[in-house]
Amino acid sequence: MKPEAVSVAVVGSVNLDLVARVEHFPVPGETITGATVDRHPGGKGANQALAAHRLGARVYMIACLGEDPAAEEALAGLKAAGVNLDYCQRLPGESTGLALILVSGTGENQIVVAPGANAAFHAEHLRMPRTDAVIAQLEVPQDTILTAAQRNRGFFTLNAAPAKPVAREVLVETDLLVVNEIEARALGPALEHYDGLLATTYGREGAVLTRHGQEVAQAESPKVKAVDTTGAGDTFTAALTVGLVSGMEPKAALSRACVAAAISVTRPGAQGSPTLEELDKFQQDRIEWWTRGGSNP
Ligand code: RIB
């Protein structure tokens, strides 16, 4: 199946990200001046929806926002790109999710989220179309995630971020679980009973895909100059899901997800994922560089 033939529902968070760029992170009690502040659309759900859309999938964003001006701002990136927003709702009395993000000179981040309407997005609010795949993360309640997975019956990806334990019922429904090392630890023993594909990301070192502890594929990340690593896991999750559901071999899908995530960290904000054309061009340039005798550009 071609990526453009794949339909994806992303059930998850939409936030407005307030991003302060600092030279270094403050220690407790320290005040840092000289920061610059930007407002970006964000939220793991929205970032993943946009990343899947840019890779050619037909994407539906399933989310709850507040009845406030921040909602429009938070949805701006998705709207401009043409992601389907028919299943986004405004919850009376709630505020739109807000993330306070510090990005250091080396592109690393610290994030504090005030979830607002994302935390009030329960199963009773869930309306969604049938799609080939559903992607969820842990910024909305797990009853909603479980209902979405059970209702859709398509390929189900869970990005278990931010780090927290996941109900066993949710893991039973999961075909692809995406975690970094911290998130893997938070899952604890529940992971031992998990039957699906597990993608573990190792930042600039790349990622490994396993099933029942056996390696299915591994891929390196291309070396890039990181400007902002926020949302790299979101791009990776979307790219791997779209790749696998469109029928790519696991190794190729994993490699492509690592490249997409690497490109995203060269851009500011959490929605810097590449288009299919940008991804192909980056890979072509790498091949040419290798052919000329380079190593892992
Ligand atoms: O994964 C990055 C995202 O985490 C940010 O966009 C922020 O909104 C938080 O949800």
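For ligands, and for the atoms within them, numbers begin at 1 and follow the listed sequence.
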Which pairs of N or O atoms, one from ligand 1 and one from the protein, are separated by less than 3.5 Å, and what is the distance for each pair?
{"from": "ligand 1", "atom 1": "1 (O)", "to": "Lys44", "atom 2": "NZ", "distance (Å)": "2.8"}
{"from": "ligand 1", "atom 1": "1 (O)", "to": "Asp234", "atom 2": "OD2", "distance (Å)": "2.7"}
{"from": "ligand 1", "atom 1": "4 (O)", "to": "Lys44", "atom 2": "NZ", "distance (Å)": "3.3"}
{"from": "ligand 1", "atom 1": "6 (O)", "to": "Asp17", "atom 2": "OD2", "distance (Å)": "2.6"}
{"from": "ligand 1", "atom 1": "6 (O)", "to": "Gly43", "atom 2": "N", "distance (Å)": "3.0"}
{"from": "ligand 1", "atom 1": "6 (O)", "to": "Asn47", "atom 2": "ND2", "distance (Å)": "3.0"}
{"from": "ligand 1", "atom 1": "8 (O)", "to": "Asn15", "atom 2": "ND2", "distance (Å)": "2.9"}
{"from": "ligand 1", "atom 1": "8 (O)", "to": "Asp17", "atom 2": "OD1", "distance (Å)": "2.6"}
{"from": "ligand 1", "atom 1": "8 (O)", "to": "Gly43", "atom 2": "N", "distance (Å)": "3.0"}
{"from": "ligand 1", "atom 1": "10 (O)", "to": "Asn15", "atom 2": "ND2", "distance (Å)": "3.1"}
{"from": "ligand 1", "atom 1": "10 (O)", "to": "Glu139", "atom 2": "OE1", "distance (Å)": "3.0"}
{"from": "ligand 1", "atom 1": "10 (O)", "to": "Glu139", "atom 2": "OE2", "distance (Å)": "2.7"}

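Every pair tested for side chain to side chain donor-acceptor pair (under 3.5 Å) that includes a residue from residues 166-176 fails, sequence neighbours excluded, so the list is empty.
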Validation: residues 105-121 side-chain donor-acceptor distances under 3.5 Å, sequence neighbours left out:
{"from": "Thr106", "atom 1": "OG1", "to": "Ser104", "atom 2": "OG", "distance (Å)": "3.0"}
{"from": "Thr106", "atom 1": "OG1", "to": "Glu108", "atom 2": "OE1", "distance (Å)": "3.2"}
{"from": "Asn109", "atom 1": "ND2", "to": "Thr229", "atom 2": "OG1", "distance (Å)": "3.3"}
{"from": "Asn109", "atom 1": "ND2", "to": "Thr230", "atom 2": "OG1", "distance (Å)": "3.3"}
{"from": "Asn118", "atom 1": "OD1", "to": "Val14", "atom 2": "N", "distance (Å)": "3.1"}
{"from": "Asn118", "atom 1": "ND2", "to": "Val14", "atom 2": "O", "distance (Å)": "3.3"}
{"from": "Asn118", "atom 1": "ND2", "to": "Asn15", "atom 2": "OD1", "distance (Å)": "2.8"}
{"from": "Asn118", "atom 1": "ND2", "to": "Pro115", "atom 2": "O", "distance (Å)": "3.1"}

Show me, pair by pair, the donor-acceptor contacts under 3.5 angstrom made by side chains of residues 31-39, not counting sequence neighbours?
{"from": "Arg39", "atom 1": "NE", "to": "Glu73", "atom 2": "OE2", "distance (Å)": "2.7"}
{"from": "Arg39", "atom 1": "NH2", "to": "Glu73", "atom 2": "OE1", "distance (Å)": "3.0"}

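In this structure, a donor-acceptor pair under 3.5 Å is absent between the side chains of His212 and Glu192. If you check the side chains of Ser7 and Asp132, you find a donor sitting under 3.5 Å from an acceptor.
Put simply, the side chain of Arg54 gets close to the backbone of Ser273: a donor and an acceptor are under 3.5 Å apart.
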